[in-house]
Amino acid sequence: MTLAFIDDPLFYLVAVPAVLIVGIGKGGFAGGLGILAVPMLALVSSPIQAAGIMLPILCVMDVTGVRAWLSRWDHGLMFRLLPSAMLGILVGALTFRYVSEAFLEVLIGTMALLFSLRYWLGGRLRLRLRLPDGPACWLWSGLSGYTSFVAHAGGPPLMIYLLPKNLDKSIFVGTVTIYFAVVNYVKLIPYALLGQLSAENLGTSLLLAPAAVIGVKLGVWMHDRVDAVLFNKLMYIFLFCTSLKLLWDGLPQVLS
């Protein structure tokens, strides 16, 4: 297979900052903003192609995360989370060809909107759905697997389940890191079968890989030097605006 790549300069004007932001999060600074990547790329490419380009980059980043946190994660919790996450990935793979790009724009835009509103409204925006731990685990981790498959946005559903558990900080970060490393590497199989790892997508991922490495190093550097609150506010403002743009583009087609 001969690698190709996207040659539109506008794409890289958006893609490089998107990958940098994800890398900064993987480096330990403002980690929740990884959800920005696909919405940003979807502004200059299709959501489907955006997801295909980001997956190899995420897998490369995950190697660093696994090395750092391999000794600090909750084994029992992980083995409860992964089966339903795999089911969510399977549902995403089986329905992927039947989902329109407009629907994905609306789905990604809605998730980005809710995630940004949750940040700004804090405790005033809460889901009141209360379930026993077993069904709750299957619901939220399954939804996490699905949204991770279609848009690499599995974080919000997983956080809804994990945050009330008040885990030790290191165990929490380690569990989330290992969880998404497993999820991302499993996703490589259906992505390849669905043609998402095309020569153009892989070539573009390769071009963007240096930005991923730089982003991770920036995240480590920024951890103790930059005001995380100010950075988060700016990024969530951008996430909010991006969500509105995706909804503006996708909703008329979905509703028509």
Problem set entry | Heavy-atom closest pair, residues V38 and A151 | CG2-O, 3.2 Å
Exercise. Does the side chain of L107 come within less than 4.5 Å of Y146's, by heavy atoms?
Worked result: yes
Exercise. Is there a donor-acceptor pair closer than 3.5 Å between any side-chain N or O of Y12 and the backbone N or O of I6?
Worked result: yes
Problem set entry | Spatial distance of atom CG (N201) from atom CG (L3) [nearest 0.5 Å] | 11.0 Å
Exercise. To the nearest 0.5 Å, what is the distance between SG (C59) and CE (M54)?
Worked result: 10.0 Å
Problem set entry | Approximate separation, where rounding is to 0.5 Å, of S243 OG and L113 CG | 4.5 Å
For this session: Look up atom OG1 in T204 and atom CD in Q49, then write down how far apart they are to the nearest 0.5 Å.
Result: 6.5 Å
Exercise. Are any side-chain N or O atoms of E105 and backbone N or O atoms of P47, one a donor and one an acceptor, separated by less than 3.5 Å?
Worked result: no
Exercise. Any Lys/Arg nitrogen of K165 or D133 sitting under 4.0 Å from an Asp/Glu carboxylate oxygen of the other?
Worked result: yes
Exercise. Is there a chain of hydrophobic side chains (I, L, V, M, F, W, Y, each step under 4.5 Å between heavy atoms) that links I53 to L207?
Worked result: yes
Problem set entry | Cluster companions of L193 among Ile, Leu, Val, Met, Phe, Trp, Tyr (side-chain spacing under 4.5 Å) | I189
Seminar exercise, completed: Heavy-atom closest pair (V66 atom, T177 atom, distance to 0.1 Å) is N-CG2, 4.1 Å
Exercise. For the atom pair CG (L55) and CD (Q196), what is the distance rounded to the nearest 0.5 Å?
Worked result: 9.0 Å
For this session: Say whether I214 and M61 are linked into one hydrophobic cluster, either directly or through other cluster members, by side-chain heavy-atom distances under 4.5 angstrom.
Result: yes
Problem set entry | Nearest non-hydrogen partners of G52 and P56, listed with the distance | O-CD, 3.2 Å
Problem set entry | Verify same cluster id: I24, V60 (apolar side-chain graph, 4.5 Å) | no
For this session: Give a yes or no on this: more than 12 heavy atoms of other residues, nucleotides or ligands lie within 6.0 Å of atom CZ of F5.
Result: no
For this session: Taking the side chain as every heavy atom from C-beta outward, state whether V19 and I57 have any pair of such atoms under 4.5 Å apart.
Result: yes
For this session: Given side-chain contact (heavy atoms from CB on, under 4.5 Å), test M86 with L90 step by step and report yes or no.
Result: CA-CA 6 Å; M86 297 302 106; L90 179 61; over 6 Å; no
Problem set entry | Gap between atom CG of L162 and atom CG of L77 - 0.5 Å precision | 5.5 Å
Problem set entry | Main-chain N/O of W73 paired to H75 side chain as donor or acceptor, under 3.5 Å | yes
Exercise. Counting N and O atoms only, with roles assigned by atom type, does the side chain of S144 sit under 3.5 Å from a partner on the main chain of W140, one being a donor and the other an acceptor?
Worked result: no
Exercise. With hydrophobic residues grouped by side-chain heavy-atom distances under 4.5 Å, do L188 and I89 end up in a single group?
Worked result: yes
Exercise. Hey, quick one: are Y179 and V63 part of the same hydrophobic cluster, counting side-chain heavy atoms closer than 4.5 Å, chains of contacts allowed?
Worked result: yes
Problem set entry | V182 and L82, any side-chain heavy atoms less than 4.5 Å apart | yes
Problem set entry | ring-ring contact (aromatic ring centres under 6.0 Å, His included) involving F149 - partner list, sequence neighbours excluded | F96, Y191
Problem set entry | Taking every non-hydrogen atom, the tightest pair across A42 and L246 | CB-CD2, 3.8 Å
Problem set entry | Backbone of T175 reached by a side-chain donor or acceptor of D74 within 3.5 Å | no
Problem set entry | Heavy-atom closest contact (V183 atom, S148 atom, distance) | CG1-OG, 3.5 Å
Exercise. For A136, does its backbone N or O pair with a side-chain atom of Y161 as donor and acceptor, under 3.5 Å?
Worked result: no
Exercise. Do F11 and L41 come close enough that some side-chain heavy atom pair is under 4.5 Å?
Worked result: yes
Exercise. Do any N or O atoms from the side chain of T147 and from the backbone of A153 form a donor-acceptor pair under 3.5 angstrom?
Worked result: yes
Problem set entry | Taking every non-hydrogen atom, the tightest pair across W138 and L87 | CZ3-CD2, 4.1 Å
Problem set entry | Side chains of V150 and V99 in contact at under 4.5 Å (non-hydrogen atoms) | no
